[in-house]
2 protein chains.
Amino acid sequence: MTVTIREVAEAAGVSVSTVSRAFTAPDQVKPLTLKRVLEAATALGYAANPAARSLRGGGTGTLGLIIPDIANPFFPPIIKAMQARARRLGYTVLMADCDEQEADEIETIASVSKRVDGLVLWASTLSETRLRELAGRIPIVVVNRDVPEVSEVRISLAAGISQAAEHLRAYGHRKCVFINASRPELARGKSIHDSFEAAGLALTEIGPYEPRFETGVHAAPLILAHNATAVLAHNDLVALGVLHQLANLGASVPGDVSVIGIDDTLLASVSTPSLTTIRISPDELAVRSVELLTEAITGRDDDVPARVVEVGSRLVPRASTGPAPNR
Amino acid sequence: MTVTIREVAEAAGVSVSTVSRAFTAPDQVKPLTLKRVLEAATALGYAANPAARSLRGGGTGTLGLIIPDIANPFFPPIIKAMQARARRLGYTVLMADCDEQEADEIETIASVSKRVDGLVLWASTLSETRLRELAGRIPIVVVNRDVPEVSEVRISLAAGISQAAEHLRAYGHRKCVFINASRPELARGKSIHDSFEAAGLALTEIGPYEPRFETGVHAAPLILAHNATAVLAHNDLVALGVLHQLANLGASVPGDVSVIGIDDTLLASVSTPSLTTIRISPDELAVRSVELLTEAITGRDDDVPARVVEVGSRLVPRASTGPAPNR
DNA sequence: CTGAAAGCGCTAACAA
DNA sequence: TTGTTAGCGCTTTCAG
């Protein structure tokens, strides 16, 4: 039923190794023979069996991608971009959602690690020890985790945040609120205070909360109570909650309060008003992580040192920010 | 480096076949032996090599999922649910995004089909002929496509739409607009006219357009021009465009116009006002499609007939619908 | 209940 | 440049 290398060999009147070489090292085959083999292969509809290939030791040709929550709108564009990138490099992507549960993540990694040549772990819930140990068994790249000796893609919000601070200052804002909803190990709060201070803005941090819509809903009256005229939310989703509740409270955006999100997800561009937000390029994230991983896979033997690359951010001004109200 | 069945056999003092059986048919092994083998396996950190397994003919243990666009917020919850379901059945899911391009889809299927035991094809762009031919080579389930002799999960909007019509009628609406943005083969328009007519509502269809936010923006003034007091949009994204532009035009929702979306994506619950929409359960979709596929895979030899299952819908009333304005 | 042995489809020495 | 052949790790008859 399924066409094997042997049948192609027979049809082309050559040996199996020639067929194998025709696909893996075409330059080692006489052009004429190559042509015959390729023709026979297409005629029969031959396609190499990846299981056999990887059993033989050639790698699986697939990259694993471990994601905390695919329903988080931040991830789909990244996954999409990683697939596109990987495909161009001849890889397939095996994506798994772990629901931000460590147990799930451990199980998933176990079941997936034999099917892939390497793993990209997004915001892994695993301990540093475990991650380092995993890195010993299979090439990995972590994103948004800082583990010594493990390759890493780091998201830097610094640029976007300082642009946001600048943007607000230029609009005459003086008092701002930051809604924090990070897991401690991923804290976004650090650079924020510095940037806002540098711009001469008073910043009150509230939280930490869970990064959900309801967090924004909850935070909205607090913003008003603080007499702040601008908010930086942990992410777009939280910012949308703020928008929603501010509307309910009769406060206008950006008339009374300016709102800024983080991530530039689909949500930001389709909200009313559209949301000013800090964008982290999904394409760049994808390209960098795939690049780092394939590098690690390729250079497996000549132990390439772990690398850290940083992916920047920038402000995307939209309609949710404007001049501070006169008092 | 990687531990094989042979090492476990040695450690447990049994033959490789016993180890194999310990994992694939534990009841054929004497309990005591089984225990010894399992202990040795855990001690060594043994895990079966899936490549070897599938080479031997045991199937790959993975299900393929072909999606037109993972960035469409309708899909992530479905993918998530399919993964969860598949995992419980001992399968891994290999998801691939095809960008709604037929060429991409063909290429993707080619590269993926040898790595999976079966395929779920969402709103496939492939021709009926091709799909039927594919079904001859590998078990497949199509969703939102109607191909004779191929198992199918069909989304029925009928219930949700008639509830929507009822909902609007009860609120005193009389003139409605339907914004159509379907690919012809997936047309959502059919049952809509009937349901609205049955509820005694005048329905004007505009379109077809592309299913994008801008479509809603474009449609908003048309709704007003038609003197309609309610809109049913092709999906939530389009509905959000309507909401956005209606706000710009100074029309209140639901004061002047009621808006209904379709899909109940994240967008619907976080918009302002929150969006009344027709929900299609991602979990049910996932369960049904995985079920149909595993059924087809399991019963591969005793050729199970193609099956069609229908997944229903229902209205989720939120804040974007309300009483029709008095004239 | 357990073991020996034959291959699944492919690649990579090694020979020719 | 091409062919022969030995496995990769596993499952599965077939004997015991």
Side-chain angles (χ1 to χ4, degrees), chain A residues 1-38 40-41 44-62 90 111 113-117 137-138 300-301, chain B residues 1-38 40-41 44-62 90 111 113-117 137-138 300-301:
Chain A
M1 204 200 75
T2 153
V3 195
T4 78
I5 206 176
R6 190 142 32 224
E7 307 173 51
V8 178
E10 204 158 325
V14 297
S15 76
V16 292
S17 31
T18 300
V19 178
S20 175
R21 278 189 288 256
F23 287 98
T24 57
D27 39 310
Q28 286 176 37
V29 178
K30 185 161 72 172
L32 186 65
T33 320
L34 182 62
K35 184 161 169 289
R36 276 224 316 282
V37 172
L38 262 26
L44 297 172
Y46 168 79
N49 180 333
R53 254 191 195 162
S54 61
L55 180 55
R56 193 58 228 298
T60 62
T62 109
S111 92
S113 63
K114 292 262 170 119
R115 302 172 200 267
V116 302
D117 295 339
R137 288 188 288 118
I138 182 174
R300 193 136 177 54
D301 315 302
Chain B
M1 203 201 75
T2 153
V3 16
T4 78
I5 205 176
R6 189 142 34 223
E7 305 173 52
V8 177
E10 204 158 325
V14 298
S15 74
V16 292
S17 24
T18 300
V19 178
S20 175
R21 277 190 287 258
F23 287 98
T24 58
D27 38 310
Q28 286 176 38
V29 178
K30 187 161 70 170
L32 187 64
T33 319
L34 182 62
K35 184 160 167 289
R36 277 224 316 282
V37 172
L38 262 26
L44 297 172
Y46 168 77
N49 179 333
R53 247 186 201 168
S54 61
L55 181 55
R56 193 53 230 284
T60 61
T62 109
S111 91
S113 63
K114 289 263 170 116
R115 302 173 199 266
V116 301
D117 295 339
R137 288 189 287 118
I138 182 174
R300 193 135 175 55
D301 315 302

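Within every chain, numbering begins at 1; the chains are lettered A, B, ... in the order of the sequence lines, protein sequences first and strands thereafter.
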Going by heavy atoms in the side chains, are A:Asn49 and A:Thr2 under 4.5 Å from each other?
-> no

Span of DNA chain C in contact with chain B (heavy atoms, under 4.0 Å) | C:dC1 to C:dG9

Can you check whether A:Ala51's main-chain N or O pairs, donor with acceptor, with B:Ser54's side chain at less than 3.5 Å?
-> no

Using modelled atom types only, decide if a donor and an acceptor are shared between the side chain of B:Thr62 and the backbone of B:Arg115 within a distance under 3.5 Å.
-> yes

Tell me, please, which residues at least two apart from A:Lys35 pass side-chain hydrogen bond (donor to acceptor under 3.5 Å, both in side chains).
-> A:Glu39

Between B:Asp117 and B:Gly59, is there a donor-acceptor pair closer than 3.5 Å when you use the side chain of the first and the backbone of the second?
-> no

All pairs passing side-chain hydrogen bond (donor to acceptor under 3.5 Å, both in side chains) where residues 13-28 of chain B contributes a residue, at least two apart = B:Ser15-B:Ser17, B:Ser15-B:Thr18

Contact summary for A:Tyr46 and A:Ile5, nearest pair of heavy atoms = CE1-N, 3.6 Å

Does any non-hydrogen side-chain atom of A:Leu38 lie less than 4.5 Å from one of A:Phe23?
-> yes

Give one of base, sugar-phosphate or nothing for B:Ala48, where a contact means two heavy atoms less than 4.0 Å apart.
-> sugar-phosphate

Listed in order of residue number, which residues of residues 14-23 of chain B have a non-hydrogen atom at under 4.0 Å from DNA chain C?
-> B:Val14, B:Ser15, B:Ser17, B:Thr18, B:Arg21

Using a cut-off of strictly less than 4.0 Å between a heavy atom of the residue and any atom of DNA chain C, enumerate the qualifying residues of residues 54-62 of chain A by number.
-> A:Arg56

What are the two closest non-hydrogen atoms of B:Leu55 and A:Leu55, and how far apart are they?
-> CD2-CD2, 3.0 Å

Whole-Å distance between D:dC10 P and B:Glu10 CD?
-> 14 Å

Euclidean distance, atom CD of residue B:Gln28 to atom C1' of D:dC14 [Å, nearest integer] | 14 Å

The reported gap from CG in A:Leu44 to CD in A:Glu10 (rounded to nearest 0.5 angstrom) is 10.0 Å

Between B:Ala52 and B:Gly13, name the one whose nearest nucleotide on DNA chain C is closer to the 5' end.
-> B:Gly13

Looking at A:Ala22 and A:Val37, what are the two nearest heavy atoms and their distance?
-> CB-CG1, 3.6 Å

So, B:Lys114 side chain and A:Ala48 main chain: donor-acceptor pair closer than 3.5 Å or not?
-> no

Compute the bend angle of the helix from C:dC1-D:dG16 to C:dA16-D:dT1 from the end axes (five pairs per end), rounded to 10°.
-> 30°

Is there side-chain contact between A:Val14 and A:Thr33, with at least one heavy-atom pair below 4.5 Å?
-> yes

